[in-house]
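Reviewing the structure listed below.
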Amino acid sequence: MLNELITWINDAIWTYVLIGALVMCGLWFTWKTKGVQFRMIGEMFRLLADSAVSGTDNLSDTNAKHKHISSFQAFAVSVATRVGTGNLAGVATAIAIGGPGTVFWMWVIALIGSATAFVESTLGQLFKQRHKDSFIGGPAYYIRKGLHKEWMAYLFAVLITITFGLSYNSIQSNTICGAMQEAFGCDPLVVGVILSALALGIVFGGIHRIANVSAVLVPLMAIGYFLLAVVIVVMNIHLVPHVLKVIVTDAFGLQQGMGGAIGATIMNGVKRGLFSNEAGEGSAPNVAATATVSHPVKQGLIQALGVFTDTLLVCSCTAFVILVSGLYDVPGLNGIALTQAALGKEIGSYGPVFIAVAITLFAFSSIIGNYYYGEANIRFMTSNTMVLTAYRIFSGGVFVMVGALASLEFVWNLGDLCMAFLTACNLVAIVTLGKYVFRLLDDYRRQKRNGIKEPTFHRSQLPEIEKDIECWN
């Protein structure tokens, strides 16, 4: 009964409110930034490569005594939360329910949403604050400092803590347990206990341990999965034109019998696309704010690239493997089991095993990344160490176990409901504060045109809110 009620609320919110809001905001930000996600993609790769190689930036707001989180480390943590269950199980669920056309709408929401991701992450950098040995920030911080709405800031902090630290972590552990049971016959209870122990060991180490683990796991898992998907696509290259045709025709309801109605196709594509790339959700700004850079726009550009990495690369890999296999319309196949079956058809018995290992790496990195989003917002609400300790136990332990033992439908429906309210709250804030990001982007582009390779920013450049900006001095 509870699951049915949550499903009904989800459909009402997503169908009539949030899809339109996400698309309109994405189009608005694309227009106001003059297509930043397309025009500056080369700069995105340059910034990420420079940070990955050197681990530093030409810093204008640093202290030699502080440990610094590099742009690449912040990018890795945010991608760790993006690249996970949504890429392997979420894509499969969307295709199984809404048909192949959902893939097209996932691409659309990624292309549009990357502009939204740029705006929210730049705001996270602009309004970040100093904290012990790193920076801290996110929507709760820019809502309080930029909008001066304390109640709304606390509302967001509560919502993101529940959504990521608790609800999403149950989804990740549920998928890991399902994959391990399918591949090796493992007892979900045993897997849940092991996951909880590992997660607790890392989350008690703080953002630096999380960043270091993510910087290793994320490139390893993403590159490995991408290479395997490329091999499968190349093996079936003759089917690629047919797959693309199926995706496009089903996306607009031009081909019957290939999934649900067009409304269900769009809704599932947007829902699973947002769950995977998190654009506009207000999650990435929390980790984007931790990076030490010389200009807020730098991290905004890098985080926009994260959306492309997640949806256009990793999600597309899963979609093509499933569609090439032809198993997407087999009754009873859904979630991670569909992805495992599709890969098994292409590479034999090693397929389910590979997916079980891959989803374990993907989802576990998401668990520790999701945890940090909650921690940043717990610290926003209180400095009581007892509260933080309790949150660590619930996020890394209790809800990981809940996900291991709960049903797939329940954890996904609960996650969708939490995501809807969280996203709505963040969209109100970034639409209102977006004007500052547009000015920052103009300043960054002007410095680049003047031959400055590494643009810098000082808070005095925004005099009307200078008193609300703690850093950048």
Side-chain angles (χ1 to χ4, degrees), residues 19-52 71-72 74-76 78-79 81-83 86-87 103-126 139 222 269-270 272-285 287-289 291 293 295-317 423 426-427 429-431 433-449 455:
I19 289 179
L22 281 167
V23 172
M24 291 304 294
C25 286
L27 291 173
W28 167 253
F29 291 137
T30 299
W31 178 57
K32 292 296 291 184
T33 60
K34 300 179 178 64
V36 64
Q37 69 268 47
F38 307 117
R39 294 180 59 189
M40 300 191 71
I41 193 166
E43 180 71 356
M44 295 176 193
F45 280 106
R46 185 191 72 82
L47 291 170
L48 185 63
D50 286 352
S51 177
S71 290
F72 178 77
F75 172 81
S78 65
V79 172
T81 65
R82 287 185 174 119
V83 178
N87 300 87
V103 179
F104 176 85
W105 296 110
M106 289 177 70
W107 290 339
V108 170
I109 203 66
L111 292 172
I112 296 174
S114 54
T116 307
F118 165 77
V119 171
E120 62 181 358
S121 292
T122 302
L123 285 172
Q125 270 286 324
L126 178 62
V270 173
R272 295 283 72 83
L274 177 60
F275 177 86
S276 183
N277 65 51
E278 301 174 12
E281 202 169 340
S283 52
V287 69
V293 292
H295 198 291
V297 165
K298 285 187 172 184
Q299 199 61 30
L301 291 172
I302 288 177
Q303 296 305 138
L305 186 61
V307 175
F308 289 137
T309 303
D310 173 88
T311 306
L312 299 185
L313 187 63
V314 185
C315 283
S316 295
C317 288
T423 304
N426 184 57
L427 289 180
I430 62 178
V431 167
L433 298 173
K435 57 187 178 182
Y436 301 120
V437 176
F438 307 147
R439 288 167 60 182
L440 288 171
L441 181 58
D442 288 341
D443 172 67
Y444 188 88
R445 284 171 166 162
R446 181 168 54 251
Q447 292 189 50
K448 293 290 290 185
R449 286 196 301 268

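We number each residue from 1, following the sequence as shown. Everything quoted here is computed from the prediction, not taken from an experiment.
Heavy atoms only, all atoms of each residue included: Leu301 and Val36 are closest at CD2-CG2, 3.7 Å. The shortest non-hydrogen separation linking Phe118 to Gly300 is CD1-C, 3.4 Å. Shown here for Val307 and Ala117, the closest heavy-atom pair between the two residues is CG2-CB, 3.6 Å. Scanning all heavy atoms of the two residues, the minimum distance from Ala289 to Gly124 falls at CB-O, 3.4 Å. Here the closest non-hydrogen pair linking Gly280 and Asn426 is O-ND2, 2.8 Å. Contact record, Ala115 with Gly26: CB-O, 4.2 Å, taken as the closest heavy-atom pair.
Partners of Leu433 by side chain to side chain contact (heavy atoms under 4.5 Å, CB included), not counting sequence neighbours, listed by chain and number: Leu123, Tyr142, Leu147, Tyr436. Under the ring pair (Phe, Tyr, Trp, His ring centres under 6.0 Å) criterion, Phe104 pairs with Phe252, sequence neighbours left out. Contacts of Gln299 classified as side-chain hydrogen bond (donor to acceptor under 3.5 Å, both in side chains), with partners at least two apart in sequence or in another chain: Ser71, Gln303.
No side-chain heavy atom of Leu47 sits under 4.5 Å from any side-chain heavy atom of Met40. Contact of the Asp443 side chain with the Gln447 side chain is registered, since non-hydrogen atoms from C-beta on lie closer than 4.5 Å. Side-chain contact check for Phe38 versus Leu111: some heavy-atom pair is nearer than 4.5 Å. The shortest side-chain heavy-atom distance between Gln37 and Phe29 does not fall under the 4.5 Å cut-off. In this structure the side chain of Trp105 reaches within 4.5 angstrom of the side chain of Val108, judged on heavy atoms.
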Stepwise side chain to side chain contact (heavy atoms under 4.5 Å, CB included) test for His295 and Leu440: CA-CA 9 Å; His295 198 291; Leu440 288 171; 4.3 Å; yes
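With rounding to the nearest 0.5 Å, the separation of CG in Leu305 from OG in Ser114 is 9.5 Å. With rounding to the nearest 0.5 Å, the separation of CE in Met24 from OG1 in Thr116 is 11.5 Å. Summarising the geometry, atom CD1 belonging to Ile112 is positioned 4.5 Å from atom CG belonging to Leu27; distances are rounded to the nearest 0.5 Å. Here Thr33 contributes atom OG1 and Trp28 contributes atom CH2; the two are 11.0 Å apart, rounded to the nearest 0.5 Å.
Of the possible donor and acceptor atoms, one in the side chain of Gln125 sits under 3.5 Å from a partner among the backbone N and O of Ala288.
Screening residues 38-48 for side-chain hydrogen bond (donor to acceptor under 3.5 Å, both in side chains) gives Glu43-Arg46, Glu43-Tyr444, Glu43-Lys448, Arg46-Asp50, Arg46-Glu454 as the qualifying pairs, with residues at least two apart or on separate chains.
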